[in-house]
Amino acid sequence: RPTVCVSDRLVQNGSCEAVEESLKPLPLQRKTKCSQEELGKAQQRTNERETQKMLQQQERERRKALANRWKAQRPEECLKHIQAVLDPGLLQIEGGGLVLTALQAMECSCVIENQAVPCSITWRRKTGLGQAEEDNWTEEPNLLVLVLLEEFVAMIHNYKQVSMEGPNETLQSFAANVMKKTPGKTLALAVVELEKYFRLECCCLPTVNSHGNRGKANTVPNLSRLDVEEGLVALQLQTGIQVRLLESWKEFADFASTFTKAVAEAPFKRERDKTSFSFCLEGDWIGGMKVDRFGKGLLQVWKRQIQQFNRVSLETANAIVAKYPSPLLLKQAYDTRPSRQERHNLLAEIPVRRGDGVTATTRRVGPELSKRIYLQMTSHNPDLSLDATG
Amino acid sequence: QSSDRDASPRSSCREPRAGLLKPQFSFHPGNFDVILCVDFIETTGGPTSRKQDLVSELQRHNVPFSIRKLHIGDFLWVAREKVLPAAGQPQPPAARELVLDYVVERKRMPDLCSSIIDGRFREQKFRLRQCGISHPIYLVEESGSAQHLSLPEKTLQQAMTNTQVVDGFFVKRTRDLRESAAYLTLMTRQLTRLYEDKTLLSCTKEELEQERPLQPSAGSCRLLTFAEFNEGAVKNKAQTVSEVFARQLMQISGISGDKAAAILERYKTPASLLAAYASCPTPRCQEQLLSDVKCGKLQRNLGPALSKTLAQLYCTSGPLP
DNA sequence: GAATGTGTGTCTATCCA
DNA sequence: GTGGAC
DNA sequence: GGTTTATACACACATT
């Protein structure tokens with residue numbers, strides 16, 4: 001199907017049906033016994049009003065709750081409903097405290113908990129459904145993991161040594177383990193002070209170590225930046241995971257803050273993208289025409305409405321609007337044409353003057369555009385394709 | 001190494017048209033090469049420019065590449081079938097090409113700035129998201145981001161992280177053009193390894209949109225022909241009545257996407273709206289017809305002012321002011 | 001939305017009869 | 001508890 | 001006669 005974003009908009013109407021339901025039982029009753037009838041009427045009115053009030057209040061409260069939840073996702077307030085969850089391992093690293101400081105400087109709450117993944121950050125959002133104070137949070141589908149420099153270097157090195165297919169951990173296996181522990185989450189990695197490692201690797205002699213398998217065995221000699229890039233590209237192509245290389249802990253703190261903001265604003269932006277028309281962002285899109293309270297400018301609006309069709313030049317729109325200076329006049333013209341062919345070609349022969357003076361060539365609107373405009377003005381099928389060759 | 005026919009800048013930039021009409025074909029392992037495609041703009045900034053450095057770097061790394069006019073993205077990779085020269089034919093038949101599932105948008109910091117300001121940034125991301133390629137990549141060159149750009153450093157970092165977190169794009173940061181070339185080189189090599197053992201099936205965009213069950217780990221994958229991809233990124237898509245109606249509504253100031261959608265929710269077509277206006281017993285009723293249409297977030301009234309303006313537009317029998 | 005600031009208009013709230 | 005406010 | 005208070009709050013639109 002064509003790329004229209006008229007797509008899935010929320011249809012949020014629960015109130016109308018209920019109201020109509022309550023208004024239904026109102027048939028007239030014959031007068032037989034005055035007192036009873038009066039009583040019944042009164043009862044009916046009372047019940048009716050009670051029902052209406054109840055439903056109205058329920059709907060109003062529901063709408064307010066929904067509105068508040070939507071407001072909570074706006075860029076300005078969304079951070080206030082977010083809490084960042086830091087693994088204590090982060091704070092035990094030198095410079096890890098900067099992350100806590102940076103996050104606390106933002107207007108989001110911040111807690112330290114043991115995470116399933118060491119040195120990771122996750123985020124929670126207040127649902128807003130909680131009438132009881134606090135405690136209902138939903139996990140955001142994001143996970144940011146700080147990879148210790150030594151482990152990162154080791155994993156790059158292990159990937160380089162394709163010969164040894166032992167238990168040596170690579171970025172891929174590391175990522176796989178992380179995602180196994182946190183199903184359904186989008187993983188992002190960060191590494192700090194890799195450049196410092198390279199500088200030390202150059203200046204100082206390579207510290208040759210026994211090939212200890214597990215992590216803490218440190219710097220592997222002769223790791224080049226190319227090796228790192230190789231490993232990163234491999235990780236990208238095999239898992240789609242991206243690794244942020246940072247020069248300092250300050251940069252990591254800034255990145256964590258930026259990342260937090262992005263996570264907080266993500267639902268808002270995604271919802272907007274869903275429920276907005278794609279053509280608003282098209283490069284040649286022009287904003288609405290200003291029109292005063294008595295209709296000055298509506299002719300320009302009408303002309304620009306004609307230009308919303310594909311392949312309509314300014315001159316063509318001018319010609320059509322000159323012939324039919326309002327939508328209603330065009331519709332009435334269609335109504336007075338008895339045959340379908342006449343309606344299709346109503347605008348086809350309208351002359352369109354192109355160019356200036358000597359080079360002026362006069363053509364016509366043409367049957368193709370004429371038909372498209374006819375279909376647009378008269379069809380009751382919203383999904384009808386105007387460009388279909390039928 | 002395998003220097004491509006199109007690798008020389010002076011060689012022809014013909015774009016293979018084969019494949020558009022062919023319903024389906026496939027490449028089998030060993031019968032195709034992976035080639036990096038470079039957008040024409042990335043190499044022709046003029047002789048005074050340093051754009052040729054990229055070509056030099058790619059040539060220095062023996063990267064098989066081809067320079068073309070890409071209608072979206074700056075780099076991508078195609079699998080080109082190996083064609084055997086037919087007997088007596090000076091030129092082998094036109095090689096068919098399938099575009100791999102990765103596309104790169106290169107952005108230098110000044111470009112990123114201007115893109116964000118004039119709104120092209122969002123538009124590009126939208127087009128990349130639905131161009132038919134599953135893995136868009138933003139290649140950002142932060143050439144000493146300390147430079148005074150028209151936007152603060154913090155803003156740009158936020159934009160890049162948003163692209164990663166919100167849009168789900170892969171964001172590769174690079175220090176300069178040389179590192180970018182190195183990245184493209186590595187990508188080319190590893191993509192070659194990734195795809196060389198797979199069976200590549202040609203596929204249309206429509207088929208791809210309904211289901212793409214094959215992830216890059218499967219033994220085969222369905223890919224667009226380069227011709228369909230590149231043409232599809234520029235051609236005007238078919239319009240529907242409701243889409244054009246929404247665009248028409250938004251021609252008047254004050255009618256935004258949410259407002260137009262709310263109106264469309266009640267009257268999905270110009271005909272139905274005109275019919276509703278015709279059913280109104282009084283002009284007063286016409287003015288208020290859309291006044292209580294619930295708009296946007298949750299059910300905010302369109303209001304009497306816009307309702308009246310719309311009534312004027314669609315109910316005025318004589319010429320419009 | 002990049003981020004922030006500016007003006008149109010509705011919306012919510014009172015007070016009071 | 002409704003509805004207007006100049 | 002036929003519009004309407006007063007404040008807050010959005011939204012559409014315009015700028016560094």
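In what follows, every chain begins at residue 1, and chains take the letters A, B, ... in the order their sequences are listed.
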| Taking the six-membered ring for Trp, are B:Tyr314 and B:Phe245 parallel (under 30°), tilted (30 to 60°) or perpendicular (over 60°)? | perpendicular
Suppose we call two aromatic rings close when their centres sit under 6.0 Å apart. Are B:Tyr138 and B:Phe121 close by that rule? yes
May I ask you to decide whether A:Lys71 forms a salt bridge with A:Glu77, counting only side-chain N to carboxylate O separations under 4.0 Å? no
Could you tell me how far D:dT2 sits from E:dC9 if I compare only their P atoms? Round to whole Å. 26 Å
message = For the P atoms, the ones on C:dC15 and on E:dT3, what distance do you get once it is rounded to whole angstrom?
response = 28 Å
*Could you tell me whether B:Glu123 and B:Arg120 make a salt bridge, using a distance below 4.0 angstrom between a side-chain N and a carboxylate O?*
no
### Task
Determine, for A:Asp273 against A:Lys269, whether the closest basic-nitrogen to carboxylate-oxygen distance falls under 4.0 angstrom.
no
Paired with B:Leu302, the side chain to side chain contact (heavy atoms under 4.5 Å, CB included) test is passed by just one of B:Leu290, B:Asp258, B:Asp292, namely B:Leu290
Side-chain atoms of B:Lys297 come closest, of C:dA3, C:dC11, E:dC11, to E:dC11
Original post:
Just to confirm, is there a sub-4.0 Å distance from OP1 or OP2 of E:dC9 to any side-chain nitrogen or oxygen of B:Arg300?
Top reply: no
Please confirm whether the shortest side-chain N or O distance from A:Lys261 to OP1 or OP2 of C:dA3 is below 4.0 Å. yes
Exercise for the section: Determine the contact category for A:Lys290: base if any of its heavy atoms lies under 4.0 Å from a base atom, sugar-phosphate if only primed atoms, P, OP1 or OP2 are that close, otherwise nothing. Expected result: nothing
Note to self: So, does B:Ser150 get its side chain near the phosphate of E:dT16, meaning an N or O under 4.0 Å from OP1 or OP2?
What the structure shows: no
- With C1' as the reference atom in both, quote the distance from D:dG1 to E:dT7 in angstrom, rounded to an integer. 24 Å
Exercise. With a 4.0 Å cut-off on heavy atoms, is B:Gly254 in touch with a base, just the backbone sugar-phosphate, or nothing at all?
Worked result: sugar-phosphate
Of the listed E:dC13, E:dC11, C:dA2, the closest approach to the B:Lys259 side chain comes from E:dC11
Practice problem: Please work out which of the three classes, parallel, tilted or perpendicular, describes the rings of A:Phe279 and A:Phe277, given edges at 30° and 60°. | Solution: parallel
Out of C:dA3, E:dT16, E:dA10, minimum distance to the side chain of B:Ile117 belongs to E:dT16
Q) Across the strands shown, which category fits B:Pro304 at heavy-atom distances under 4.0 angstrom: base, sugar-phosphate, nothing? A) sugar-phosphate
Side-chain atoms of B:Ile116 come closest, of E:dC13, C:dA2, C:dT10, to C:dA2
Base-pair string, DNA chain C, Watson-Crick plus G-U, cut-off 3.5 Å on both distances, | for inter-strand, is ..|.|.||||.||||||
* A:Arg293 near the nucleic acid: base, sugar-phosphate alone, or nothing, with a heavy-atom cut-off under 4.0 Å? -> nothing
When rounded to the nearest Å, what value does the distance between P atoms of C:dA17 and E:dG2 take?
-> 27 Å
Determine: side-chain N/O of A:Lys71 to OP1/OP2 of E:dA10, distance under 4.0 Å, yes or no.
yes
Item to complete: Please state the P separation for the pair E:dT4 and C:dC16 - nearest whole angstrom.
Response: 23 Å
B:Ile255 atom CD1 is separated from C:dT8 atom C1', nearest whole Å, by 13 Å
